[in-house]
K.L.:
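Quick one: this structure, given as structure tokens, is what I'll be asking you about.
Model, not experiment: these values are computed from the prediction.
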Amino acid sequence: MTDTISAEALSAELLEIEDERSWDAQAELARALRIEEDARALGDPLLVVRARLCQANMRLRSGDIAGAVEQMWQVHEWAVANDARVLMARTHLIWAAIHQHLGDTEQALEHALLSVELLDDESTTHMHIWHRTKLADALWSAGSMEAARIRYAQAEELAVLTGSPVLLCLLNNHAYAEYDTGNQQRAEEVADRLQRLATERGLTLEPAFLDTVGAIQVGNGRYAEAEATMRLCIEQHGEGRHEDADALPEYLLTLAGAQRGLGAYDRAQQSLDSCRGLCVERDLVDVLVRVHQEQAELHAARGEFAEAFAVHKVFFAAHQNMHSLQREARTRTRQAMFETVEARQEAEHFREQARRDPLTGLHNRRHLDESLPVLIASDPALTIALVDLDHFKQINDSLSHNVGDEVLIEVAGILSDGVAAGCPSGYVARLGGEEFLIVLPGTSMRRAVPLLNRIRRTVRDHDWHRMTGDLPVTVSIGAVSSADVPAPTQPSLLSTADSRLYAAKHAGRDRVVSTAARGYASAA
């Protein structure tokens, strides 16, 4: 990273990856990895997670589903924890794509809906258009074409108003959705809008869009136009700017269908043979299945019914095998997702265990050291209170350490219940031995003292007889608020609370001391 790089420059570069279409997923992955390094050097966590989300998206596009899922969990959790709405909207869009890959249309639709619901004024224009487009795609896949049309229309209106370049892409998706669901007339209307728009803007339709137009023309029996469209599509593909492994085989397959419709059977066979060769070379199982189907159709059109039947049997077997392979691939991906979730949950479990006191289940000093400085820095109304059991050594020495442990567990429960009732955002930690700390965010001393006294009286009035016999159990409490210390820090607040706890002990125990003077709440 150079000395001149800035957070603004990295953010702008990430926005290019997030909001612009790219055909080279591997190059964009490398770019996002480099941006993450630069963002770490700047110490900007938002830029780091944005870069990691871009990486997850590129891994997904490259077929590394397990790698994408692993990064997605990390990014999604950070976004939720930090209430980063724009980032959450982007994560849900990628989750939708992952579940679409798995064939789980219900989950894909749920995530696509969330990706739109999370959009706000901070979301880019591209997000407002593209997230609605992908919601429409998810609705189409789920069989709700009427609802999909509403979302396509919303996205189209916004794209027209803003002059967004993504308009061509969303029209292509809409046209193909209509074609796929058998709405040939609607499909042609949308495809015509797509072509008119490209002409008006002086743009050349990219090969994938021309393939959609060609397929619709075939579906509507306009075979000569379809052949011309597909020849232009393949010519533009040859320029090398739009390369995917299955792109040219898909285009050749559409071309063969157009030529079969024209009755140009020899040309259709040549296109089909070229397509088949690429499928075998590139191991494109799903496209090859449709090659078999088209070959059977071509034999039938020629009147070669025996050959058509034989090839149809090959198609059927290949179709069954393809679905078996797809199920296996989805199973492997789901297993990878499960293992990722399981590992994450296990890591969270051990992380939480490391921050809990094993005897009482309360937070421990490690948790306190992580969370308290953040509260002190952000909450001017914070109050903390040190709590110590009175004469606890007498319980241990007279009754046994086992009884002492039972008392500690019971006191921990009373403290936790009291804090939960009086300050739901607060918590209790065990510092060690018989000493606890109560943390009360957003609670002034005026409000904290009555709460602490209620807790103190609850401890005193509890039925201890079954545990300790005639020995009473009481607590002394020293409280301090952020306002009591000129420049509050964890050491200064704990030190002040400790001195007030000492004052409570010195004044007779079973009481709360909340000021530097002798004042304290009574033990009544």
Side-chain angles (χ1 to χ4, degrees), residues 20-28 61-62 164-180 184 187-284 286-295 297-298 301:
E20 294 183 16
R21 295 176 68 225
S22 170
W23 288 87
D24 195 338
Q26 288 300 316
E28 296 291 32
R61 287 178 49 191
S62 302
S164 171
V166 82
L167 177 57
L168 293 177
C169 191
L170 80 86
L171 286 174
N172 173 75
N173 287 23
H174 184 187
Y176 189 83
E178 298 287 6
Y179 164 76
D180 183 69
Q184 294 297 336
E188 189 159 352
E189 289 170 0
V190 180
D192 286 346
R193 286 209 305 279
L194 172 63
Q195 292 172 289
R196 282 199 308 273
L197 179 68
T199 301
E200 289 168 6
R201 295 190 176 183
L203 301 172
T204 302
L205 289 181
E206 61 187 58
F209 300 170
L210 288 170
D211 184 46
T212 297
V213 172
I216 292 169
Q217 290 169 337
V218 170
N220 285 327
R222 294 162 53 188
Y223 302 117
E225 292 177 57
E227 184 180 31
T229 298
M230 293 316 299
R231 289 203 180 281
L232 177 61
C233 167
I234 292 168
E235 178 184 334
Q236 290 187 8
H237 176 270
E239 296 174 4
R241 292 183 293 110
H242 307 284
E243 182 57 65
D244 276 332
D246 62 348
L248 183 55
E250 290 279 6
Y251 306 155
L252 288 167
L253 190 56
T254 306
L255 175 61
Q259 292 165 333
R260 172 172 57 82
L262 277 173
Y265 300 139
D266 290 342
R267 295 206 303 272
Q269 189 63 62
Q270 289 175 0
S271 299
L272 209 51
D273 289 342
S274 297
C275 178
R276 182 184 291 105
L278 288 171
C279 288
V280 172
E281 176 188 324
R282 300 177 184 182
D283 195 26
L284 302 173
D286 56 337
V287 185
L288 186 58
V289 169
R290 286 181 284 127
V291 169
H292 294 316
Q293 185 178 27
E294 178 60 31
Q295 184 67 73
E297 296 281 357
L298 185 54

K.L.:
Any chance you could measure Leu194, atom CG, to Leu168, atom CG, to the nearest 0.5 Å?
P.N.:
6.0 Å

K.L.:
With rounding to the nearest 0.5 Å, note down the distance linking CZ in Arg276 to CD in Glu281.
P.N.:
14.5 Å

K.L.:
If every non-hydrogen atom of Val190 is compared with every non-hydrogen atom of Leu171, which pair is closest and at what distance?
P.N.:
CG1-O, 3.4 Å

K.L.:
How long is the straight-line distance from CG of Leu205 back to OG1 of Thr212, given to the nearest 0.5 Å?
P.N.:
9.5 Å

K.L.:
Let's go through Tyr251 and His237 carefully: what are the C-alpha distance in whole Å and the side-chain angles of both, what is the deciding distance for side chain to side chain contact (heavy atoms under 4.5 Å, CB included) to 0.1 Å, and is it a yes or a no?
P.N.:
CA-CA 9 Å; Tyr251 306 155; His237 176 270; 3.7 Å; yes

K.L.:
Show the nearest heavy-atom pair for residues Thr229 and Gly214, with the distance to one decimal.
P.N.:
CG2-N, 3.9 Å

K.L.:
Please report the closest heavy-atom contact between Ala187 and Ile216, naming both atoms and the distance.
P.N.:
O-CD1, 3.6 Å

K.L.:
State, yes or no, whether a side-chain contact exists between Leu167 and Arg201 at a heavy-atom distance under 4.5 Å.
P.N.:
yes

K.L.:
For a 4.5 angstrom cut-off between non-hydrogen side-chain atoms, does Phe209 reach Cys169?
P.N.:
yes

K.L.:
Could you tell me which non-hydrogen atom of Ala191 sits nearest to which non-hydrogen atom of Val213, and how far apart they are?
P.N.:
CB-CG2, 4.4 Å

K.L.:
Looking only at non-hydrogen atoms, find the nearest pair between Cys279 and Val287 and report the distance.
P.N.:
SG-CG1, 3.6 Å

K.L.:
Could you tell me if the side chain of Tyr179 sits less than 4.5 Å from the side chain of Gln184, heavy atoms only?
P.N.:
yes

K.L.:
Quick check: closest heavy atoms across Leu210 and Met230, and the distance to 0.1 Å?
P.N.:
O-SD, 3.9 Å

K.L.:
Nearest 0.5 Å, what's the CG-SG distance between Leu253 and Cys275?
P.N.:
5.0 Å

K.L.:
To the nearest 0.5 Å, what is the distance between CG (Asp192) and CG (Leu197)?
P.N.:
12.5 Å

K.L.:
Do Leu232 and Gln236 make a side-chain contact, defined as non-hydrogen atoms from C-beta onward lying under 4.5 Å apart?
P.N.:
yes

K.L.:
Between CZ of Arg282 and CG of Leu248, what distance do you get to the nearest 0.5 Å?
P.N.:
6.0 Å

K.L.:
Please output the side-chain donor-acceptor pairs of residues 258-272 that fall under 3.5 Å, not counting sequence neighbours, one pair per line with the distance.
P.N.:
{"residue": "Gln259", "atom": "OE1", "partner": "Ala268", "partner atom": "N", "Å": "3.4"}
{"residue": "Gln259", "atom": "OE1", "partner": "Ser271", "partner atom": "OG", "Å": "2.7"}
{"residue": "Gln259", "atom": "NE2", "partner": "Glu227", "partner atom": "OE2", "Å": "3.1"}
{"residue": "Arg260", "atom": "NE", "partner": "Glu294", "partner atom": "OE2", "Å": "2.6"}
{"residue": "Arg260", "atom": "NH2", "partner": "Glu294", "partner atom": "OE1", "Å": "3.3"}
{"residue": "Tyr265", "atom": "OH", "partner": "Ala301", "partner atom": "O", "Å": "3.4"}
{"residue": "Asp266", "atom": "OD1", "partner": "Arg302", "partner atom": "NH2", "Å": "3.2"}
{"residue": "Arg267", "atom": "NE", "partner": "Glu227", "partner atom": "OE2", "Å": "3.0"}
{"residue": "Arg267", "atom": "NH2", "partner": "Glu227", "partner atom": "OE1", "Å": "3.1"}
{"residue": "Arg267", "atom": "NH2", "partner": "Glu227", "partner atom": "OE2", "Å": "3.1"}
{"residue": "Gln269", "atom": "OE1", "partner": "Gln295", "partner atom": "NE2", "Å": "3.0"}
{"residue": "Gln269", "atom": "NE2", "partner": "Asp273", "partner atom": "OD1", "Å": "2.9"}
{"residue": "Gln269", "atom": "NE2", "partner": "Gln295", "partner atom": "OE1", "Å": "2.9"}
{"residue": "Ser271", "atom": "OG", "partner": "Arg267", "partner atom": "O", "Å": "3.2"}

K.L.:
With Glu28, which residues qualify under salt bridge (charged side-chain N to carboxylate O under 4.0 Å, His left out), at least two apart?
P.N.:
Arg31

